[in-house]
Amino acid sequence: MSYSELKGLYHLRETIGSGGFAKVKLAYHSLTGEKVAIKIMDKRSLGEDLPRVKTEIAAMQDLCHQHICKLYQVIETADRFYMVLEYCPEGELFDYIVAKDKLEEEEAKIFFRQIVAAVGYIHNKGYAHRDLKPENLLLDEDQNLKLIDFGLCAKPRGGMENVLYTCCGSPAYAAPELISGREYLGAEADIWSMGILLYALLCGYLPFDDENIPQLYKKIQSGKYETPWWLSQDSKELISAMLQLDPKRRVTINQLVTHPWLMEAIDMPVEWNSKYKRKVDDDCITELAVHYGKSRQEMEADVQEWKFDYLTATYFLLLEKKMKGRPVRLI
Ligand SMILES: CN(C)C[C@H]1CC[C@H](N2C(=O)N(C)Cc3cnc4ccc(-c5cc(Cl)c(O)c(Cl)c5)nc4c32)CC1
């Protein structure tokens, strides 16, 4: 494959994973030397999944948060989509849990606070993810979680109070109202999935599981699940508050951020605000202006068009370097 559209912009390396209709390759951004992950999709093989790609791109262009995988650039050609994404070297949280069998409460708590922050942020922006599971949470080099795969997310027209209908996501993580085909609120369905996620983090297996899908659905709709002896009272209480069959009785994201189990030993509510500021960073603008031989004003105006072209990628990757204490320099 030539991938000629990337020439000079990125140095392509090996394939690091594949997700259904996409191939993900490691690459180096040539101007900063920073590593990125490039998700490559062939339009022909996308078929009816094409709308999912457009959904994911539109959502990720609007989301900018420390626990959401950053989209840097989008390249669309006649037969391909390329999404240049934040590199997460430690892979999926799913593999991390499998490797450790299950997590100690304090480690699960740190991860779960990050998940609550990411979901609180997207709900606040009017999005429901609808496919929350450990496979869609990646670990970066500092063991921080990054939420990925917004192909099934929904931004209900008129806000999060408006209902959704499409039954989607992974069965074992799907809320009872979602699998019963009734209308549902995206935010409430996400909370249920987070309950399954927290259970999986603390137990190392799923609360509702069965190879036979109809059997699995019966178990979910019964709302009955076992809790192993090692779970603390507070964690059991939190899981049960999220795995309420009646979505109206389910804990909300606003109640989650100050839940005792999440606050215990950390004593601070979960902060879901993005660490990224709307104002562009002066050091990055200066370095870009010097490189492109433009005035700072011109450079700032170009960057703030947020075209998700090579300039957007270069700006964000320079900012990454700065946040990691590396020199704000282009090669
Ligand atoms: C089965 N899955 C749902 C897909 C799997 C694909 C490889 C990926 N990966 C890996 O499996 N490593 C082992 C390395 C790796 C490193 N950085 C990554 C950065 C971003 C992504 C990514 C992948 C997809 Cl399909 C997305 O939609 C988004 Cl928004 C982001 N995947 C990465 C990734 C993990 C997830």
Side-chain angles (χ1 to χ4, degrees), residues 3 5-13 16 22 24-40 53 56-76 81-90 114 117-118 121-122 125 127 137-142 144-150 153 272-292 294 296-331:
Y3 303 119
E5 296 81 12
L6 302 176
K7 245 175 191 24
L9 307 177
Y10 298 92
H11 305 298
L12 223 46
R13 288 284 183 280
I16 49 180
V24 182
K25 282 178 162 303
L26 169 65
Y28 289 84
H29 175 260
S30 49
L31 268 188
T32 58
E34 291 285 290
K35 286 181 183 167
V36 294
I38 303 187
K39 182 179 177 183
I40 304 169
V53 175
E56 180 168 56
I57 290 172
M60 294 191 82
Q61 285 177 333
D62 188 19
L63 300 170
C64 188
H65 189 272
Q66 54 275 21
H67 293 306
I68 293 172
C69 183
K70 193 79 199 73
L71 174 66
Y72 297 130
Q73 181 175 1
V74 178
I75 301 173
E76 181 176 356
F81 279 109
Y82 298 89
M83 291 171 70
V84 181
L85 295 148
E86 179 177 6
Y87 179 60
C88 304
E90 303 303 315
Q114 294 180 359
Y121 171 80
I122 65 169
K125 297 263 303 180
Y127 294 90
L137 284 154
L138 303 187
L139 289 153
D140 71 2
E141 58 195 348
D142 307 314
N144 287 314
L145 286 180
K146 304 282 178 178
L147 182 57
I148 66 160
D149 208 339
F150 287 80
C153 80
W272 67 46
N273 292 323
S274 174
K275 75 182 177 191
Y276 293 93
K277 305 193 184 29
R278 290 313 302 165
K279 171 142 182 28
V280 290
D281 177 89
D282 290 340
D283 297 336
C284 297
I285 293 297
T286 303
E287 179 61 15
L288 285 164
V290 166
H291 178 83
Y292 286 106
K294 291 190 168 190
R296 288 180 34 69
Q297 286 71 18
E298 264 178 306
M299 204 70 246
E300 186 161 334
D302 290 354
V303 165
Q304 289 194 308
E305 286 180 43
W306 304 119
K307 284 190 246 166
F308 284 87
D309 55 5
Y310 197 62
L311 177 60
T312 303
T314 308
Y315 171 78
F316 274 124
L317 286 162
L318 263 181
L319 190 60
E320 278 301 308
K321 285 186 88 164
K322 180 173 180 178
M323 285 183 172
K324 288 176 191 159
R326 292 205 279 263
V328 183
R329 283 281 169 282
L330 293 176
I331 293 170

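Note that the coordinates shown come from a computational prediction; the quantities given were computed from them, not determined experimentally.
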Looking at [Y], is its backbone amide N or carbonyl O close enough to the side chain of [X] to form a donor-acceptor pair, meaning the two atoms are under 3.5 Å apart?
X	Y	result
K146	E86	no
Y87	E141	no
E287	L330	yes

Where do [X] and [Y] come nearest, in terms of heavy atoms and distance?
X	Y	value
S30	I331	O-CD1, 3.8 Å
I75	E5	CG2-CB, 4.2 Å
Y310	G8	OH-O, 4.4 Å
Q66	K275	OE1-N, 2.7 Å
C69	I148	CB-CG2, 3.5 Å
K322	V328	CB-CG2, 3.6 Å

[X] [atom1] to [Y] [atom2] distance, which is reported to the nearest 0.5 Å:
X	Y	atom1	atom2	result
M299	K294	CE	NZ	5.5 Å
F308	Q73	CZ	CD	10.5 Å
H29	L6	NE2	CG	11.5 Å
L319	T32	CG	OG1	12.0 Å
M60	L85	CE	CG	5.0 Å
Y28	K35	OH	NZ	4.0 Å

* Determine whether the side chains of D62 and Y127 contain a donor N or O and an acceptor N or O closer than 3.5 Å. => yes
* Asked: Going by distance alone, is a donor N or O of one side chain under 3.5 Å from an acceptor N or O of the other, for D283 and T286?
  -> no
* Once the angle between the rings of Y276 and F316 is folded into 0 to 90°, is it parallel (under 30°), tilted (30 to 60°) or perpendicular (over 60°)? -> perpendicular
* Could you check whether the rings of Y315 and W306 sit parallel, tilted or perpendicular, using 30° and 60° as the cut-offs? => perpendicular
* Indicate yes or no: at least one non-hydrogen side-chain atom of L137 is less than 4.5 angstrom from one of L147. => yes
* Is there a side-chain contact between L145 and L139 (heavy atoms, below 4.5 Å)? -> yes
* Knowing that exactly one of E56, K39, M83 qualifies, which makes a side-chain contact (heavy atoms from CB on, under 4.5 Å) with L71? -> M83
* Given L31, which of T314, L288, L318 fulfils the side-chain contact (heavy atoms from CB on, under 4.5 Å) condition? -> T314
* Partner set under side chain to side chain contact (heavy atoms under 4.5 Å, CB included) for A27, not counting sequence neighbours -> Y10, L12, V36, I38
* Please test K25 against R13 for side chain to side chain contact (heavy atoms under 4.5 Å, CB included), starting from the C-alpha separation and ending with a verdict. => CA-CA 6 Å; K25 282 178 162 303; R13 288 284 183 280; over 6 Å; no
* For E300, all residues meeting salt bridge (charged side-chain N to carboxylate O under 4.0 Å, His left out), sequence neighbours excluded -> none
* All salt bridge (charged side-chain N to carboxylate O under 4.0 Å, His left out) counterparts of K279, not counting sequence neighbours -> D282
* Test: E320 and K70 ion pair at under 4.0 Å -> no
* I would like to know whether Y292 and D302 meet side chain to side chain contact (heavy atoms under 4.5 Å, CB included); could you show each step before the answer? => CA-CA 11 Å; Y292 286 106; D302 290 354; over 6 Å; no
